Amino acid sequence: MSSVTSRITIGRPIEDVFAILTDVEKTGLWYPVDVEEHWTSPPPLGVGSTRHAVVRMGGRRSENDAVVTEYDPPLRAAIAGTSPNVPFVSTLVFSREGEATLVEVTTEFTFRGASRIAGPFFARWFGRSWARGLATLKRMMESGEL
């Protein structure tokens, strides 16, 4: 198992940051990889909601599905991958820092078979992507773009 964590403080209220980071349909606006995500279950969003993602990188396309396993606005949310290629669990923890919000995102991967060889490299790349994405999200939210 490999785990990566990214943290950032965003100068916006916790409710605003939670709303953006838990809306998978907004991920493509700030995440540095070409990703399209959409909910595959009807509203309201909560534990048991499902989403589908299409990711394009390096000339390759991959798809994965996930289910919300924890939803406690505006403090915590978690999503678990249900596709067999690389199971994962991403947990988002939000805390108030005055008028700002500290966000901590931890993703745990379970690499199986041949993917165990490249798994640690992928996990590091994924962690760097999250860090870049959170920096972009911070800029966009603090400037009023989002």
Side-chain angles (χ1 to χ4, degrees), residues 1-113 115 119 122-146:
M1 182 178 299
S2 291
S3 177
V4 294
T5 299
S6 298
R7 292 175 194 81
I8 199 160
T9 299
I10 299 175
R12 290 283 295 273
I14 193 170
E15 294 82 8
D16 295 352
V17 179
F18 184 91
I20 292 291
L21 276 171
T22 58
D23 184 350
V24 300
E25 295 184 0
K26 293 195 182 336
T27 304
L29 299 173
W30 55 268
Y31 197 73
V33 174
D34 182 6
V35 60
E36 294 175 32
E37 292 183 299
H38 65 273
W39 294 110
T40 54
S41 57
L45 173 62
V47 172
S49 294
T50 56
R51 72 99 173 106
H52 182 77
V54 177
V55 182
R56 292 174 196 82
M57 61 184 167
R60 298 187 60 148
R61 172 189 160 112
S62 67
E63 298 186 36
N64 69 76
D65 295 300
V67 62
V68 175
T69 57
E70 187 174 354
Y71 191 74
D72 182 19
L75 303 174
R76 291 179 64 89
I79 193 165
T82 58
S83 299
N85 49 347
V86 180
F88 69 90
V89 175
S90 289
T91 303
L92 295 86
V93 178
F94 303 82
S95 56
R96 288 182 174 88
E97 288 198 342
E99 299 295 316
T101 303
L102 172 64
V103 179
E104 180 176 284
V105 181
T106 301
T107 302
E108 296 178 356
F109 296 98
T110 304
F111 296 106
R112 297 182 180 140
S115 71
F122 174 80
R124 282 194 293 280
W125 169 85
F126 187 83
R128 287 191 305 270
S129 294
W130 257 101
R132 283 193 321 268
L134 288 174
T136 299
L137 180 64
K138 174 182 175 73
R139 178 186 52 75
M140 292 176 80
M141 290 194 77
E142 291 179 354
S143 72
E145 253 181 279
L146 277 177

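Any value given below was found using the heavy atoms of this structure, including those in side chains, with hydrogens, waters and symmetry copies removed. As the structure is a prediction and not an experimental result, all values here were calculated from the model.
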Non-hydrogen atoms of [X] and [Y] that approach each other most closely:
| X | Y | value |
| --- | --- | --- |
| Tyr31 | Ser129 | OH-CB, 3.3 Å |
| Gly133 | Pro32 | CA-CD, 3.6 Å |
| Val35 | Glu37 | CG2-CG, 3.8 Å |
| Ser6 | Ala131 | OG-N, 3.7 Å |
| Ser49 | Leu45 | OG-CA, 3.5 Å |
| Val4 | Ala123 | CG1-O, 3.1 Å |

Given 3.5 Å as the limit, does a donor-acceptor pair link the side chain of [X] with the main chain of [Y], or not?
| X | Y | value |
| --- | --- | --- |
| Thr40 | Thr50 | yes |
| Glu97 | Leu102 | no |
| Thr101 | Ile14 | yes |
| Arg12 | Met141 | yes |
| Lys138 | Gly11 | no |
| Glu15 | Pro74 | no |

If you count heavy atoms of other groups shown closer than 6.0 angstrom to CZ of Arg112, is the number above 12?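 12 or below, so no.
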Working to the nearest 0.5 angstrom, can you tell me the gap between Thr22 OG1 and Arg76 CZ?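 It is 14.0 Å, given to the nearest 0.5 Å.
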Enter the distance from Leu146:CG to Ile20:CD1 here, rounded to the nearest 0.5 Å.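 Going from CG on Leu146 over to CD1 on Ile20, the span is 5.0 Å.
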Can you list the residues that meet the ring-ring contact (aromatic ring centres under 6.0 Å, His included) rule with [X], with sequence neighbours excluded?
| X | value |
| --- | --- |
| Phe88 | none |
| Trp125 | Phe122 |
| Phe111 | Phe109 |

pair Trp39-Asp23: side-chain heavy atoms closer than 4.5 Å: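 Of all side-chain heavy-atom pairs linking Asp23 with Trp39, at least one is under 4.5 Å.
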Any side-chain heavy-atom pair of Arg51 and Asn64 under 4.5 Å: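 Touching, per the 4.5 Å side-chain cut-off.
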Applying salt bridge (Lys or Arg N to Asp or Glu O under 4.0 Å), name anything that partners Arg61, two or more places apart in sequence or on another chain.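 Scan of Arg61 (salt bridge (Lys or Arg N to Asp or Glu O under 4.0 Å), adjacent residues dropped) gives Glu63.
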Using the salt bridge (Lys or Arg N to Asp or Glu O under 4.0 Å) criterion, which residues pair with Arg7? Sequence neighbours excluded.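 Result, salt bridge (Lys or Arg N to Asp or Glu O under 4.0 Å) vs Arg7: Glu104.
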Ion pair check, Glu145 and Arg139, cut-off under 4.0 Å: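 Between Arg139 and Glu145 there is a salt bridge, with a charged N closer than 4.0 Å to a carboxylate O.
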Check each of Val105, Val17, Ile10, Asp72 against Phe94 using the side chain to side chain contact (heavy atoms under 4.5 Å, CB included) test, and report the only one that passes.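 Of the listed options, the one satisfying the test is Val17.
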Identify, with sequence neighbours excluded, every residue that meets side chain to side chain donor-acceptor pair (under 3.5 Å) alongside Thr107.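 Counting only residues at least two positions away or on another chain, Thr107 forms a side chain to side chain donor-acceptor pair (under 3.5 Å) with Ser90.
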